[in-house]
Amino acid sequence: RLVPAGLAAGVMLSLAILYLARLQMALPYAVKNALRRHELFLEYQPVVDLATGAWMGVEALVRWRRPTGEIVMPDLFIPIAEQNALIVRLTRQVLDRVCRDTGFYLEMHPDFHIGINVAPADFHSPGFVEHLEETLGRMGARPSNLILEVTERGLLDPVVARQTSGALRRLGFALAIDDFGTGYSSLSYLESLELDFLKIDRSFIEAIGTGAPTSQVVGHIIRMAKDLGLRMIAEGVESHAQADFLRAQGVQYGQGWLFGRPMSFVEVVRRMEEMARAQPLHATG
Ligand code: C2E
Ligand code: MG
Ligand code: MG
Ligand code: MG
């Protein structure tokens, strides 16, 4: 009786593996089709000033709506786009989307920031900076409206990283190192780059108050960022305790479910207007 059961399990397992392998093969094509059919859309998550609660801006996060209606999250298809030389096209589509979603708003709000995730290949692709400038021109926005988020992995080639960060800085773009603490950047290397923001990875925020070894590291990261003169954005803030700790340590900005989940830009504008009504900037009395 055991044999048929084991056999059945074996068959099921083989089928599952076959299915996954087929999916693996089919995915690059599917992502390519997604780009051709413009099936990507963006959600925007608030980045909040921890001292005042005001929104300094949002981060644009890409999602893929399949023809079936199913929503695919970026962790699943960004690596595939990166491995299959599709990422540069994807980033361009994201930029165009940002332009259409937010242009009208940025034109009126010079202090509002949109964080955009860029991949290593974007930095190496010719015309990247020009395309950024051209997109901004269409938006009626300023370079300072954009924060380009790149992971440590994206800055691995020191020469390209230094050149591109320098060029972007001169044009007035802000540059953030994303998921900080998960890569291998040395202090001297970071110092050589023209960075504006450091985003502390969620894994460190999660550890706050747990007594785990990781929870000690966050203090070191904060001190280092201060020494480098970088403004910090804590990722994945989910509790008041975490926000209080970060505020007390002098971290300026936070992003996470405590403040808001990713949402449509229409919803962002609605919330901004609601906050402006509740707390007029120039109260008259
Ligand atoms: P990321 O740039 O570090 O973005 C933050 C991720 O953390 C987002 O996941 C966001 O939804 C999630 N998050 C924010 N607050 C919380 C929280 O309080 N708790 C938890 N558990 N999660 C939180 P998402 O949208 O799934 O994106 C995942 C990653 O995909 C991004 O990480 C980024 O590396 C990449 N990605 C997203 N959009 C783009 C894009 O347009 N281009 C590129 N190249 N990569 C993108
Ligand atoms: Mg990011
Ligand atoms: Mg991040
Ligand atoms: Mg992250």
Apart from Leu61 itself, residues in the same hydrophobic cluster as defined by side-chain heavy atoms under 4.5 Å: none
Among residues at least two apart in sequence or on other chains, which ones pass side-chain hydrogen bond (donor to acceptor under 3.5 Å, both in side chains) with [X]?
| X | answer |
| --- | --- |
| Glu267 | Arg270, Arg271 |
| Arg65 | none |
| Arg261 | none |

Could you tabulate the donor-acceptor pairs under 3.5 Å formed by side-chain atoms of residues 126-144, not counting sequence neighbours?
unit_1	atom_1	unit_2	atom_2	d
Glu134	OE2	Arg138	NE	3.1
Thr135	OG1	His131	O	2.7
Arg138	NH2	Asp96	OD1	3.1
Arg142	NH1	Leu106	O	3.3
Arg142	NH1	Asn145	OD1	3.4
Arg142	NH2	Glu107	O	3.3

Are Phe265 and Val58 packed together at the side-chain level, in the sense that at least one heavy-atom pair is separated by less than 4.5 angstrom? yes
Applying a strict under-4.5 Å side-chain criterion to I, L, V, M, F, W and Y, I'd like to know whether Met56 and Leu198 cluster together. no
Does the pair Asp122/Arg92 count as a salt bridge with the N-to-O cut at 4.0 Å? no
Under 3.5 Å, is there a donor-acceptor pair between the Trp257 and Glu238 side chains?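 The answer is no; no qualifying pair exists.
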Checking side-chain polar atoms at under 3.5 Å, does Asn33 have a donor or acceptor matched by the opposite partner on Glu39? no
For Glu152, all residues meeting side chain to side chain contact (heavy atoms under 4.5 Å, CB included), sequence neighbours excluded: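 Partners of Glu152 under the side chain to side chain contact (heavy atoms under 4.5 Å, CB included) test: Ile177, Phe180, Thr182, Ser185.
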More than 12 heavy atoms of other groups within 6.0 Å of Met12 CE: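 No, the 6.0 Å shell around CE holds no more than 12 heavy atoms from other groups.
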Quick one: which of Lys199, Glu235, Arg202 gives a side-chain hydrogen bond (donor to acceptor under 3.5 Å, both in side chains) with Gln255?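 Of Lys199, Glu235, Arg202, side-chain hydrogen bond (donor to acceptor under 3.5 Å, both in side chains) with Gln255 is met by Lys199 alone.
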